[in-house]
Amino acid sequence: MSGKSRAEWQAAAKALKIDGRAFIDGRRTAALSGESRPSINPANGQRLVDVASCGPEDADRAVVSARAVFERGTWSRMAPGDRKKVLIRWAELIGTHAEELALLETLDVGKPINDTSKVDVPSAIRTIQWSGEAVDKIYAEIAPTSPDCLALVQRLPLGVVAAIVPWNFPLSTTAWKLAPALATGNSVILKPASNTPLTALRIADLATEAGLPDGVLQVLPGPGGRLGQHIALHSDIDGLTFTGSTPVGKQLLVFAGQSNLKRTFLELGGKSPNIVFADANLDKAATMAAAAVFYNCGQTCTAGTRLIVERSIEAQFTEMVIARAGHWLPGDPLDPATAMGPMIDEGQFRSVAEYVDIGRAEHAELVFGGGQVLAESGGYYHEPTIFAKTNNQMRIAQEEIFGPVLSVMTFTDAADAIRIANDSIYGLAGAVWSRNINTAHKVADAVRVGTMGINNYFGGDMTVPFGGFKQSGNGRDKSIHAFHDYTELKTTWIEFE
Ligand code: NAP
């Protein structure tokens, strides 16, 4: 991707043509009700485009066409090698449109252009390419039966799958859902978050251009409470894959039970522990401790929001993290030098500000940030914020703030670190830093999370599964394990005469 300057990205943003219509049955269309809502640029509060606001009636027509194409077998029974060609072509087209997609994501989410160009778009390409490459390398099983019969165990697509995704990583999360669901032959209806639908809509256009048959992928922007709930209660949708908050995830399980028991897979919230022993490479650990919580403005499910430090280095290590917080002061997301952009919207900003007040009231010590900056921009920019002298009972240490707020607390020994790390309703991710591999592995093994880093944070790629323990969810995105969420096991038992 080119090394454009801020002025060049601003010019590209002005010239960008954005289509906010829904994508149903292979083409762009308005909501049946004619309703739309403005999509707002979080960097300046200005309207980018009006986006179709779909309702239950749009979902119903999308399900009819998704079901019809599934039954026809155009995609669901296509040879895996042919599905692979379409997915790889799709990934290539996303690559051809990489700058446009990075810009769209930055404008829609407020993410720094440096991140959308180097992380979000490449990650979506890799996800689709990897899933496409994998699909014709998966074999079915023959069970170890007696010789007078033959038992085949196959994985078949679920049918019509709905995907509901959040606003914090719209493009990557969408790719994590679509790639395995489509690779395994399902028809998919995607509901993006209301405030960040633009890249999902655009890559749907590119999917058609790549040869995906009409009706196999549909993208319906619309409100979670109305459209999302209707989808979750729909009795002709066979599977539901969700990334979002824990309270909404719990509701979706209820909806699945109230309707047709659709397979429901959830990727939910987190309150991740980042454990630092005194013998760690403290320079690297401090740099990554700041990145772990401030990346994407802390609006990251895996954010390392609980920094659990060995007591002997508390003062020294807290100073080291404070020294690195300045790198994360927010700025214009179209400036390639910006590391942190604005919060997604005023509501999220207010919620973070409330948690800063709660931290103060709980007598945590505010040692960096804590307030708004760049208020004149029209966007909601929050300073990177650090609370020292916290403990794990405080609300700021237990509740998901989903903003750039770090709680620093201490431990006495490995058992204490493990106890604190596991004292959470969440179990999504975490990390431990130590030069002693025995200590590091013992701690990593005992912390109940889906992904644990040793001497790194945010480790992982398409080869490994991603998802949570406890109230962080029950599904797995990425890797071949994700294919299991989108397939049913089917046994065929043949007896010979
Ligand atoms: P959210 O409020 O749960 O919304 C997520 C999606 O669900 C949105 O598309 C939303 O639509 C929709 N929705 C809301 N209420 C619904 C309902 N009653 N029925 C059906 N759908 C409904 O979460 P968020 O605030 O967008 O995202 C932040 C959360 O996502 C955090 O908790 C974060 O940890 C989690 N997350 C988890 C992962 C992971 O992989 N574990 C990754 C990223 C984020 P609207 O946009 O219209 O409200």
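Atoms within each ligand, like the ligands themselves, are counted from 1 in listed order. The first residue in the sequence is number 1, and the count goes up from there.
- Of the candidates Val367, Val293, Val405, Val367 is the only one forming a side-chain contact (heavy atoms from CB on, under 4.5 Å) with Ile386.
- Protein residues lining ligand 1, listed by chain and number: Ile164, Val165, Pro166, Trp167, Asn168, Lys191, Pro192, Ala193, Ser194, Gly222, Pro223, Gly224, Gly228, Gln229, Phe242, Thr243, Gly244, Ser245, Val248, Gln251, Leu252, Glu267, Leu268, Gly269, Cys301, Glu400, Phe402, Leu428, Phe466 [non-hydrogen atoms, distance under 4.0 Å].
- With sequence neighbours excluded, the residues satisfying side chain to side chain donor-acceptor pair (under 3.5 Å) with Gln471 are Lys250.
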Sequence neighbours excluded and cut-off under 3.5 Å, please list the side-chain donor-acceptor pairs for residues 347-354, or say none.
unit_1	atom_1	unit_2	atom_2	d
Gln348	NE2	Phe402	O	3.0
Arg350	NE	Glu346	OE2	3.3
Arg350	NH2	Glu346	OE2	3.4

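- Residue pairs satisfying the salt bridge (Lys or Arg N to Asp or Glu O under 4.0 Å) criterion with at least one member in residues 124-134, sequence neighbours excluded, are listed as follows: Lys84-Glu133, Glu133-Lys137.
- For Asp115 and Lys118, the salt-bridge test fails: no basic side-chain N is under 4.0 Å from an acidic carboxylate O.
- Paired with Arg306 under the rule side chain to side chain donor-acceptor pair (under 3.5 Å), one option of Asp423, Thr390, Asn274, Asn392 passes, and it is Asn392.
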